[in-house]
Protein chains: 2
Amino acid sequence: MDSKNRHELNPRVSADCVIFGFDLNQIKVLLIEREAINGVEQSMALPGDLIFEGENLDTAASRVLYELTGLDEIYLEQVGAFGDPNRLNNPKDQLWLKAVRQNPTERVITIGFFSLVNMNNYEPQPSSFAKSAAWIPLEDIDELAFDHMEILKASFAKLQHKIRIQPIGFNLLPHKFTLSQLHKLYEVILGRELDKRNFRRKMLKLNLVQSLEERQAGVPHKPSQYFVFNEEKYNELILHGFDNFGF
Amino acid sequence: MDSKNRHELNPRVSADCVIFGFDLNQIKVLLIEREAINGVEQSMALPGDLIFEGENLDTAASRVLYELTGLDEIYLEQVGAFGDPNRLNNPKDQLWLKAVRQNPTERVITIGFFSLVNMNNYEPQPSSFAKSAAWIPLEDIDELAFDHMEILKASFAKLQHKIRIQPIGFNLLPHKFTLSQLHKLYEVILGRELDKRNFRRKMLKLNLVQSLEERQAGVPHKPSQYFVFNEEKYNELILHGFDNFGF
DNA sequence: TTCGCAAAGTGTATATTTGACACAAAGCAT
DNA sequence: ATGCTTTGTGTCAAATATACACTTTGCGAA
């Protein structure tokens with residue numbers, strides 16, 4: 001440690017959320033758009049806010065999520081703390097900070113979270129801390145404000161990892177879904193093909209999904225059966241030492 | 001969110017380290033001992049320190065580790081941020097804070113890390129922020145200062161999980177070790193027996209360990225062969241999509 | 001010197017899981 | 001009636017996981 005600066009840090013702390021959605025075809029991320037400053041177009045950013053006195057870290061993240069989307073009781077997981085002293089130092093971000101903050105040079109440490117939502121439950125719209133928001137395909141995102149790209153990457157890595165171990169993918173789907181939709185979800189998250197028959201065999205063997213009588217209607221091909229996620233069964237499996245899906 | 005208090009948080013931020021060691025028999029954690037205040041015995045605590053201006057989170061954790069143990073280049077991983085507003089609220093901790101801090105009620109958010117060290121490389125001794133330190137068996141720890149028990153639990157869970165995926169266990173062993181030692185390490189971390197022959201077969205097949213000519217000496221039984229960890233081989237395996245050990 | 005002790009080291013047989021692969025069934029549109 | 005598109009299904013071979021017991025080596029005690 002270079003000891004030239006041993007003043008204790010006294011930063012602001014924020015919570016930033018990577019909100020993942022799935023449109024049955026690709027993974028999308030809910031980003032907020034910042035207005036141009038002096039004609040300079042600003043990068044999009046993760047929704048986030050400073051944490052308040054007396055507020056829990058998780059609570060702050062839930063609040064961000066709620067204020068932005070109106071959604072409650074959403075799957076939410078902490079990814080970690082991000083606090084590189086240089087994280088606010090790129091020119092665009094400096095411009096933006098000068099325009100909107102009282103103290104633009106103050107250090108901010110952020111706690112990153114990711115959450116999984118059913119896209120059908122929310123249509124992007126302006127909110128208290130975003131004039132506008134939009135679902136952006138994960139693939140198309142190559143630049144974000146501050147260190148948000150790093151947070152996004154860490155979040156997606158965690159999602160990829162965790163989906164192989166816990167059945168969190170269901171949070172991205174409607175209440176009832178087809179096995180093909182679930183299959184596609186796993187493929188786009190894991191970034192590789194999974195054999196259809198093997199995928200179904202595995203899923204059905206675990207009994208995590210329960211078939212409904214209902215089938216798709218109005219599709220120009222054989223209609224698919226609908227399924228729902230069986231959470232009880234999952235809890236039961238855990239007790240018996242269930243550990244991963246084997247993907 | 002109850003909106004009675006919407007002042008933005010402006011806390012101190014600290015880094016606390018769970019330092020794991022392995023004495024060839026059990027997992028131990030390096031804790032610091034706090035002096036009794038007014039005759040009240042204080043719980044032990046994780047080593048940690050406030051983060052400085054201009055200092056990276058990881059750097060702060062490395063510094064804590066270095067100042068406590070003199071060890072450098074140690075395996076270190078962030079576990080997450082912990083910041084429950086009530087985390088400093090138990091009576092013993094309040095007593096202690098009043099005795100040692102200028103501002104004992106100020107909120108502190110801490111970033112938890114865990115690190116893995118070879119116990120042979122360090123003998124507990126006083127340091128700049130601990131009058132004394134000691135290796136305590138993980139099993140015996142049932143109370144710690146602040147929310148350090150929570151950080152410890154999260155850290156150990158992460159260790160248990162990660163050891164099945166990456167060969168980080170080697171950080172806990174001497175440079176050269178026997179397969180029995182490695183086997184025992186996996187057993188105590190995972191908390192269950194692993195069949196000796198199957199364990200060896202798996203490890204040897206991966207080629208992650210390289211046998212030396214040297215064998216144990218002075219033991220009252222068949223002397224074991226020594227091995228070293230082969231990091232190159234590990235990196236090679238990763239490229240080929242190696243993913244987990246299968247434990 | 002021999003005997004006993006303690007841990008090291010080794011192979012096989014069985015059950016389970018994975019991975020590869022192709023064609024019939026259903027519904028709609030033309 | 002035909003064609004198009006997606007659903008839904010079974011088998012076989014290969015790889016992996018699990019269960020299990022005896023010989024070897026070196027030391028120390030008798």
Side-chain angles (χ1 to χ4, degrees), chain A residues 23-26 163-165 173-174 176-188 190-228 237 240-247, chain B residues 23-26 163-165 173-174 176-188 190-228 237 240-247:
Chain A
D23 67 1
L24 302 186
N25 217 11
Q26 54 184 341
I163 201 180
R164 296 170 33 164
I165 292 175
L173 289 171
K176 58 186 189 191
F177 50 85
T178 71
L179 285 186
S180 297
Q181 290 167 354
L182 186 62
H183 180 207
K184 179 75 180 177
L185 174 62
Y186 271 80
E187 288 190 331
V188 299
L190 296 179
R192 61 191 155 94
E193 280 196 1
L194 300 172
D195 180 85
K196 180 167 57 160
R197 278 178 285 195
N198 296 337
F199 178 84
R200 289 173 163 252
R201 173 164 29 118
K202 227 178 259 188
M203 269 299 163
L204 292 172
K205 177 134 61 111
L206 290 172
N207 276 317
L208 281 176
V209 291
Q210 203 158 41
S211 77
L212 302 176
E213 291 306 313
E214 195 181 351
R215 314 181 129 263
Q216 276 181 321
V219 289
H221 54 73
K222 182 168 175 179
S224 177
Q225 184 138 167
Y226 278 120
F227 289 80
V228 293
L237 280 180
H240 292 53
F242 169 76
D243 209 16
N244 71 75
F245 284 92
F247 293 120
Chain B
D23 67 0
L24 302 188
N25 217 11
Q26 54 184 341
I163 201 179
R164 296 171 34 166
I165 293 174
L173 289 171
K176 57 186 189 191
F177 51 83
T178 71
L179 285 187
S180 298
Q181 290 166 354
L182 186 62
H183 180 207
K184 179 77 180 175
L185 174 62
Y186 271 79
E187 288 190 330
V188 301
L190 296 179
R192 61 190 155 95
E193 281 197 1
L194 300 172
D195 180 85
K196 179 166 59 161
R197 277 176 287 194
N198 296 338
F199 178 86
R200 288 172 164 252
R201 175 155 31 107
K202 226 177 258 187
M203 270 299 162
L204 292 172
K205 178 134 60 110
L206 291 172
N207 276 318
L208 281 175
V209 290
Q210 202 158 44
S211 77
L212 303 176
E213 291 306 313
E214 195 181 350
R215 315 181 127 264
Q216 277 182 319
V219 288
H221 53 74
K222 182 169 175 178
S224 176
Q225 186 140 163
Y226 278 119
F227 290 79
V228 294
L237 279 181
H240 292 53
F242 169 76
D243 207 19
N244 71 74
F245 284 92
F247 291 120

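In what follows, chains are A, B, ... by sequence order, proteins preceding strands, each numbered from 1.
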Self-check item: Out of dT12(C), dC21(C), dG8(D), whichever nucleotide has its closest atom nearest the side chain of Arg200(A)
Solution: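 My answer, after comparing the listed nucleotides, is dG8(D).
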Exercise. Among the candidates dG8(D), dA17(D), dG9(C), find the nucleotide nearest to the side-chain atoms of Lys196(A).
Key: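 Of all the options, the side chain of Lys196(A) is nearest to dG8(D).
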To the nearest Å, give me how far apart [atom1] ([X]) and [atom2] ([N]) are.
X: Arg215(B); N: dT24(D); atom1: CZ; atom2: P; result: 14 Å
X: Gln181(B); N: dA8(C); atom1: CD; atom2: C1'; result: 12 Å
X: Met203(A); N: dG8(D); atom1: CE; atom2: C1'; result: 17 Å
X: Leu194(A); N: dT17(C); atom1: CG; atom2: C1'; result: 16 Å
X: Phe199(B); N: dA17(D); atom1: CZ; atom2: P; result: 14 Å
X: Lys205(A); N: dG19(C); atom1: NZ; atom2: P; result: 13 Å
X: Arg192(A); N: dT18(C); atom1: CZ; atom2: P; result: 12 Å
X: Asp195(A); N: dC12(D); atom1: CG; atom2: C1'; result: 14 Å

Quiz item: Can you find an N or O donor on one side and an acceptor on the other, under 3.5 Å apart, linking the side chain of Arg197(B) with the base of dA21(D)?
Solution: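 Yes.
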Quiz item: Going by modelled atom types, is there a donor-acceptor pair between the base of dA19(D) and the side chain of Asn198(B) at under 3.5 Å?
Solution: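 Between dA19(D) and Asn198(B), which were checked side chain against base, a qualifying N/O pair under 3.5 Å is present.
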Roughly how far, to the nearest 0.5 Å, is the [atom2] atom of [Y] from the [atom1] atom of [X]?
X: Gln26(B); Y: Glu187(B); atom1: CD; atom2: CD; result: 14.5 Å
X: Tyr226(A); Y: Thr178(A); atom1: OH; atom2: OG1; result: 7.5 Å
X: Lys184(A); Y: Asn25(A); atom1: NZ; atom2: CG; result: 5.0 Å
X: Leu206(B); Y: Phe242(B); atom1: CG; atom2: CZ; result: 5.5 Å
X: Lys202(A); Y: Tyr186(A); atom1: NZ; atom2: OH; result: 10.5 Å
X: Asn207(B); Y: Gln210(B); atom1: CG; atom2: CD; result: 8.5 Å

Exercise. Specify the residue among Arg201(B) and Leu179(A) whose closest nucleotide of DNA chain D lies further upstream toward the 5′ end.
Key: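 Taking each residue's closest nucleotide, the earlier one in sequence belongs to Leu179(A).
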Quiz prompt | Residues within residues 218-226 of chain B bordering DNA chain D, heavy-atom distance below 4.0 Å | solution =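 Nucleic-acid contacts, sorted: Val219(B), Pro220(B), His221(B), Lys222(B), Pro223(B).
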Quiz item: Has Ser180(A) got a side-chain N or O lying under 4.0 Å from the OP1 or OP2 atom of dT6(D)?
Solution: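 No.
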Quiz item: Would you call the rings of Phe247(A) and Phe245(A) parallel, tilted or perpendicular, where under 30° means parallel and over 60° means perpendicular?
Solution: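 Phe247(A) and Phe245(A): parallel rings.
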